[in-house]
Amino acid sequence: MAAVNPARAGASIAVLGAGMVGLATAIHLQRRGFAVTLVDRGPPGGETSFGNAGVIGRGSILPVATPGVRRKAWRYLLNRDPAVRVDHAALPALLPWLRRFLACADARTMTRNAAPLNTLCAAALAAHEDLIAEAGAGGLLRRNGYLTAYRTAARFAADAPARAILAAHGVAMDLLDAADVAAIEPHLAPVFRHAVLAVGSASVSDPGALCAAYHRLYLARGGTGLRFTVQALLPAGDGWRVATDGPTLVADRVVVALGPWSADLLRPLGLRLPLGVERGYHTHRRPLGNAVLGRPVFDAESGYVLAPMDAGIRITSGTELARRDAPSTPRQLARVLPVAHATFPMEQRALADGDVWRGARPSFPDSLPVIGPAPGRPGLWLAFGHGHIGFSTGPATGRAVAAAIAGAAPEFDLAPFSAARWL
């Protein structure tokens with residue numbers, strides 16, 4: 001099929017992936033005068049960005065790999081903890097990533113990696129507010145924090161080192177006792193002895209709707225959106241050729257923001273990055289009677305989140321370690337549902353038949369995304385691997401990538417997020 005050049009004016013850029021990271025990147029590139037084509041096989045925000053708890057987390061600066069993970073490794077492997085489920089049939093394929101992940105799970109590495117994550121998370125809410133204002137989506141945003149709730153004093157005490165790191169980076173927290181929790185969330189069962197309210201965090205009532213609003217903004221600004229599957233990426237003179245199952249595109253620059261599919265596209269170019277996936281599930285329930293939940297609540301011991309959404313209460317599972325495209329196995333979600341129902345009054349039945357969603361979070365072993373130019377590949381830029389914080393930090397990532405492509409200084413240092421650390 002003949003090549004199609006997406007440029008209309010100025011330098012042309014193809015952004016591959018229309019999740020939160022890709023959408024924000026495309027809008028910020030538009031603002032800097034580039035002609036942008038956004039390519040994704042599905043609807044905007046239809047994959048990982050759709051299924052999260054909607055949290056824009058100021059305090060999401062702690063890597064997933066922590067010393068506590070090492071202590072619980074055997075418990076996780078035996079599927080005895082609701083926070084993690086391991087597909088044992090997939091273990092041979094997962095082991096290379098798991099070895100690197102566990103190598104990062106020490107106090108020194110955790111503390112070191114929290115610093116760049118802090119720069120990214122510190123920019124997250126303002127970057128969202130900027131786009132939300134232009135997109136006219138203010139009704140989706142809630143600025144009332146994120147609650148991590150503890151059933152036992154022992155678990156609360158065990159997380160003290162993590163709170164110390166948050167405090168060292170200026171993350172504002174309110175430490176609550178049982179009475180405080182009851183005061184701000186009166187419809188929760190009185191099962192939590194302690195809680196931490198991340199007061200600088202926010203949330204949205206429909207992540208998919210916010211992605212759709214950002215996409216409408218992108219189109220209204222003159223952007224081109226294409227619904228095709230990206231199949232290959234090839235150098236083409238001073239630019240790049242993007243082969244899809246439809247047209248072949250030619251662009252001066254390309255930004256890869258395909259989430260858990262990014263590594264597949266880059267491997268033929270010699271860029272072999274240790275991108276893993278952390279699968280997750282969610283379902284919805286209607287609150288009973290006049291029960292109201294004011295903010296997302298993470299049940300620390302039980303490994304799930306209750307998130308108030310426009311569609312009802314979203315119950316999200318912990319992490320499933322499995323092959324990215326393996327069939328759904330929502331046993332982890334089924335395990336926490338009885339606990340969730342005992343914690344907050346909800347209808348037992350789902351909002352709709354088959355209301356179980358599954359997605360895959362793209363994750364590097366050190367929990368740092370890859371953001372910046374691809375080493376040794378002029379004109380190729382990378383923006384993926386955000387793990388649990390892609391929805392939250394997508395706009396900050398997109399703003400930084402657009403600035404760097406335009407030759408301006410990003411608001412945070414991209415060096416710690418370079419793909420070169422893995423090559």
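These values consider heavy atoms only, across backbone and side chains, with no hydrogens, waters or symmetry-generated copies.
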Flag side-chain contact, heavy atom, 4.5 Å: [X] against [Y]:
| X | Y | answer |
| --- | --- | --- |
| Phe391 | Leu210 | yes |
| Leu333 | His282 | no |
| Trp97 | Val277 | no |
| Ser392 | Met20 | no |
| Arg151 | Thr343 | yes |
| Arg361 | Asn52 | no |
| Thr37 | Leu226 | yes |
| Thr283 | Trp357 | no |

My understanding is that only residues two or more places apart in sequence, or in another chain, count here; which of them pass ring pair (Phe, Tyr, Trp, His ring centres under 6.0 Å) with [X]?
| X | value |
| --- | --- |
| Trp261 | none |
| Phe417 | Phe412 |
| His388 | none |
| Tyr150 | Phe156 |

Which residue pairs satisfy the salt bridge (charged side-chain N to carboxylate O under 4.0 Å, His left out) criterion with at least one member in [range], sequence neighbours excluded?
| range | value |
| --- | --- |
| residues 386-403 | Asp130-Arg399, Arg399-Glu411 |
| residues 47-64 | Arg41-Glu47 |
| residues 158-181 | Arg155-Asp159 |
| residues 82-98 | Arg85-Glu320 |

Would you say [X]'s side chain and [Y]'s backbone share a donor-acceptor pair under 3.5 angstrom?
| X | Y | answer |
| --- | --- | --- |
| Tyr281 | Thr329 | yes |
| Thr48 | Ala360 | yes |
| Asp206 | Met309 | no |
| Gln332 | Gly280 | no |
| Thr109 | Ala105 | no |

Restricting to salt bridge (Lys or Arg N to Asp or Glu O under 4.0 Å), what partner residues turn up for Glu129, sequence neighbours left out?
Arg143
Could you go through Trp240 and Leu16, starting from their C-alpha distance and side-chain angles, then the distance that decides it, and tell me whether this counts as side-chain contact (heavy atoms from CB on, under 4.5 Å)?
CA-CA 12 Å; Trp240 289 87; Leu16 311 182; over 6 Å; no
Is Arg100 salt-bridged to Asp366, going by a charged N under 4.0 Å from an acidic O?
no
Determine the minimum heavy-atom distance between Ile61 and Leu166, stating which atoms define it.
CG1-CD2, 3.5 Å
Determine the minimum heavy-atom distance between Val401 and Ala383, stating which atoms define it.
CG2-CB, 4.2 Å
Given side-chain hydrogen bond (donor to acceptor under 3.5 Å, both in side chains), test Tyr214 with Ser49 step by step and report yes or no.
CA-CA 12 Å; Tyr214 289 171; Ser49 295; over 6 Å; no
Partners of Arg193 by side chain to side chain donor-acceptor pair (under 3.5 Å), sequence neighbours excluded?
none
For Arg358, which residues count as a side chain to side chain donor-acceptor pair (under 3.5 Å) partner, sequence neighbours excluded?
Ser328
I need the full list of side-chain hydrogen bond (donor to acceptor under 3.5 Å, both in side chains) pairs touching residues 62-78, with sequence neighbours left out, sorted by first then second residue.
Arg75-Asp81
